[in-house]
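Inspection log for the structure reproduced underneath, given as structure tokens.
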2 protein chains.
Amino acid sequence: MPSPLEKARKNPDSNKARILSAARRLFGEYGFQGTTTRMIAKAVGIDISTLYYHWGEKADLYEAVIIDLNEGIEAQFKVIERLARGRNLADRLDIAIDVMCDYLHDTPDVSNLLLLGYFSKSKTEVRLDEKVAGHIANIAIAMGLAIDKQHVTPQAKARIMTLWNAVLNFISGESFFRPILGVDKTAYLDVVKETLKVTLIPAFTGRYSDNGSKIPENQ
Amino acid sequence: MPSPLEKARKNPDSNKARILSAARRLFGEYGFQGTTTRMIAKAVGIDISTLYYHWGEKADLYEAVIIDLNEGIEAQFKVIERLARGRNLADRLDIAIDVMCDYLHDTPDVSNLLLLGYFSKSKTEVRLDEKVAGHIANIAIAMGLAIDKQHVTPQAKARIMTLWNAVLNFISGESFFRPILGVDKTAYLDVVKETLKVTLIPAFTGRYSDNGSKIPENQ
DNA sequence: TTGATAATCCATCAAATGATGGAAGCATTA
DNA sequence: TAATGCTTCCATCATTTGATGGATTATCAA
């Protein structure tokens, strides 16, 4: 039997799918508490009860949004892994930053939702942490910093978090940070990419100060 | 005539001050939308109407919280400036990271509130961006990267944002990131400081070249 | 003490919000 | 056509939430 999400994806023009899409955008913009079911229904152009018919209560819809979003991220990790295979560490990081920045910039709700999930404590908590732990480990593996999920050092994890969070911050906070930087919309993405690469790639390619044993480049 | 904030600070045991304090904690934890005036009143142990008597409508209370918070941050910048004066860049950054991490870790609402301000779009927007622009410029000056607020290059701004955001992310997201790192509460702060220093100080002390492929040499 | 000012609480309101029941419309198939 | 199941909308409810008016109590100077 197909899950509700698969059903919605199969027919992107259905109301069910359009509700999910609007919910994603609005939850990302205003957060869980700041988004009302009426706002979502109005954005789609349907009655509120249709929304409840398809997705159940608000928290269930939110959960569907989070699951959908995480699958999108995981798909991007696969893209990165494919493009980065066989390169050296600096090139892999370069590719990862490019791909992730482009992806998140094209789908702005994703980074908003993730950050809100990290920092805002809502009463209806949707489990997100083990997903993030998985993302961190995936990046570590894709970057060749670990053989498998069980062998990622805390140091590597912390460095990846720094990079991952920096990407999310810059993309999600564009409307906030861009005026401060004083660059236009098209230049912003380039400035961000360049800054992330220059500031953070050396943190991985340079020597690891604590253990001194950088994980060898096992292609 | 004293401002409401000065009045509240003068008498920290007054209900007015206790409301501000509880509001700060709860707004930081649940965000503007997720916090109700009843929650705040209950935390203080007073009737809701007393809250309205002292602070007016909810948005006004929130604004008072933000102003209070920004003054605390600016005070910390002064501390950093005093401690860092006369040192070299690497030492200044080291001090700045230590002082800011300690301060934010002791007052967890601050980083939460700032991040929520960056990323969550509420209908009742309180101006925060020019404050942040000021913070960025202050750091730039304190670090000796610029003579005055008018002469901070976009590159320097972007690097400072990366550092500043990284601090906020790690402190505010402790409950989220610490289990992933698998360290205990006391060790977390040290891991964070160490990671920030190792990964980000070279971004400032190294060359500001645009190819970014070089690894800094010093310390 | 008295009188004015400040602070607090009780009761209440209007609007917003999450959620549901049931009737009506639509589509597919027998 | 008739029957069945899926989808949509209207009307409505119970709570929650922001906010206020008015009565009551505390504070304190004259």
Side-chain angles (χ1 to χ4, degrees), chain A residues 1-23 26-27 29-65 120-126, chain B residues 1-24 26-27 29-66 120-126:
Chain A
M1 70 182 181
S3 79
L5 266 175
E6 289 163 2
K7 219 172 136 191
R9 269 195 284 261
K10 198 168 293 182
N11 191 355
D13 284 338
S14 68
N15 270 348
K16 179 153 195 170
R18 292 169 62 217
I19 293 169
L20 188 72
S21 167
L26 290 167
F27 280 137
E29 196 161 355
Y30 298 100
F32 181 77
Q33 320 265 354
T35 306
T36 70
T37 52
R38 280 172 175 80
M39 285 166 65
I40 301 170
K42 190 175 183 180
V44 180
I46 56 164
D47 189 84
I48 177 182
S49 54
T50 302
L51 184 151
Y52 283 93
Y53 168 77
H54 282 296
W55 293 105
E57 61 183 33
K58 188 184 174 186
D60 292 339
L61 173 58
Y62 185 74
E63 195 177 350
V65 166
S120 70
K121 205 173 299 177
S122 86
K123 302 142 198 169
T124 61
E125 195 87 34
V126 177
Chain B
M1 73 182 178
S3 77
L5 265 175
E6 289 163 0
K7 219 172 136 191
R9 269 195 285 261
K10 198 168 294 181
N11 191 354
D13 285 337
S14 68
N15 271 348
K16 178 153 195 169
R18 291 169 63 217
I19 293 169
L20 188 72
S21 167
R24 186 167 151 155
L26 289 167
F27 279 138
E29 196 160 357
Y30 297 100
F32 181 77
Q33 319 265 356
T35 306
T36 69
T37 51
R38 280 172 176 81
M39 284 165 65
I40 301 169
K42 191 174 184 182
V44 180
I46 55 163
D47 188 85
I48 176 182
S49 54
T50 302
L51 183 151
Y52 282 94
Y53 169 78
H54 281 296
W55 293 105
E57 61 183 35
K58 186 184 175 186
D60 291 339
L61 174 57
Y62 185 75
E63 195 179 348
V65 166
I66 296 297
S120 70
K121 207 173 297 175
S122 88
K123 300 141 200 172
T124 60
E125 194 88 34
V126 178

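Letters go in sequence order (proteins before strands), and every chain restarts at 1.
Between its two ends, the helix from C:dT1-D:dA30 to C:dA30-D:dT1 turns its axis by 0°, counting five pairs per end and rounding to 10 degrees.
Annotation: side chain of A:E57 is in contact with side chain of A:D60 (closest heavy-atom distance under 4.5 Å). Taking the side chain as every heavy atom from C-beta outward, A:T36 and A:Y30 never approach each other to under 4.5 Å.
For the pair A:M39 and A:T35, the tightest heavy-atom approach, listed with the atom from each and the gap, is SD-CA, 3.9 Å. Of all the heavy atoms in B:A64 and B:W55, the pair that sits closest is CB-CZ3, 3.6 Å. A:Q33 and B:Q33 make their closest contact through CB-CB, 4.1 Å (heavy atoms, listed as atom of the first residue, atom of the second, distance).
Between A:T50 and the phosphate of D:dC9, there is a side-chain N or O to OP1/OP2 separation shorter than 4.0 Å. Between A:N15 and the phosphate of D:dT7, there is no side-chain N or O to OP1/OP2 separation shorter than 4.0 Å. The side chain of B:Y52 places no N or O atom within less than 4.0 Å of a non-bridging phosphate oxygen (OP1 or OP2) of D:dT20. Here B:H54 does not reach the OP1 or OP2 of C:dA6: none of its side-chain N or O atoms lies under 4.0 Å away.
One atom, CD1 of A:I40, and another, P of C:dT17, lie 12 Å apart when rounded to the nearest Å. The distance from atom NZ of B:K58 to atom P of D:dT20 is 14 Å, rounded to the nearest whole Å. In this structure, A:Y62 atom OH and C:dG18 atom C1' are separated by 17 Å, rounded to whole Å. Per the geometry, CG belonging to B:L51 stands 15 Å off P belonging to C:dC10, to the nearest Å. The CG-P distance, from A:D60 to C:dA19, rounds to 9 Å in whole Å. In this structure, CH2 of A:W55 is placed 20 Å from C1' of C:dT20, rounded to the nearest angstrom. Put simply, OH on A:Y53 is 14 Å from C1' on C:dA24, counting in whole angstrom units. Rounded to whole Å, atom C1' of D:dT7 lies 10 Å from atom CD1 of A:I19.
Listed by chain and residue number, A:S49 satisfy the side-chain hydrogen bond (donor to acceptor under 3.5 Å, both in side chains) test with A:D47 (two or more places apart in sequence, or in another chain). Under the side-chain contact (heavy atoms from CB on, under 4.5 Å) criterion, A:T37 pairs with A:I48, A:L51, A:Y52, A:K58, sequence neighbours left out.
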Got a list of protein N/O to nucleotides 10-15 of chain D N/O distances below 3.5 Å?
residue : atom : partner : partner atom : Å
D:dC10  : N4   : A:S49   : OG           : 3.0

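Just one residue in the list A:V44, A:N15, A:L61 forms a side chain to side chain contact (heavy atoms under 4.5 Å, CB included) with A:L20, and that residue is A:L61.
Note that CD1 of B:I40 is 11.0 Å distant from OH of B:Y62, once rounded to the nearest 0.5 Å.
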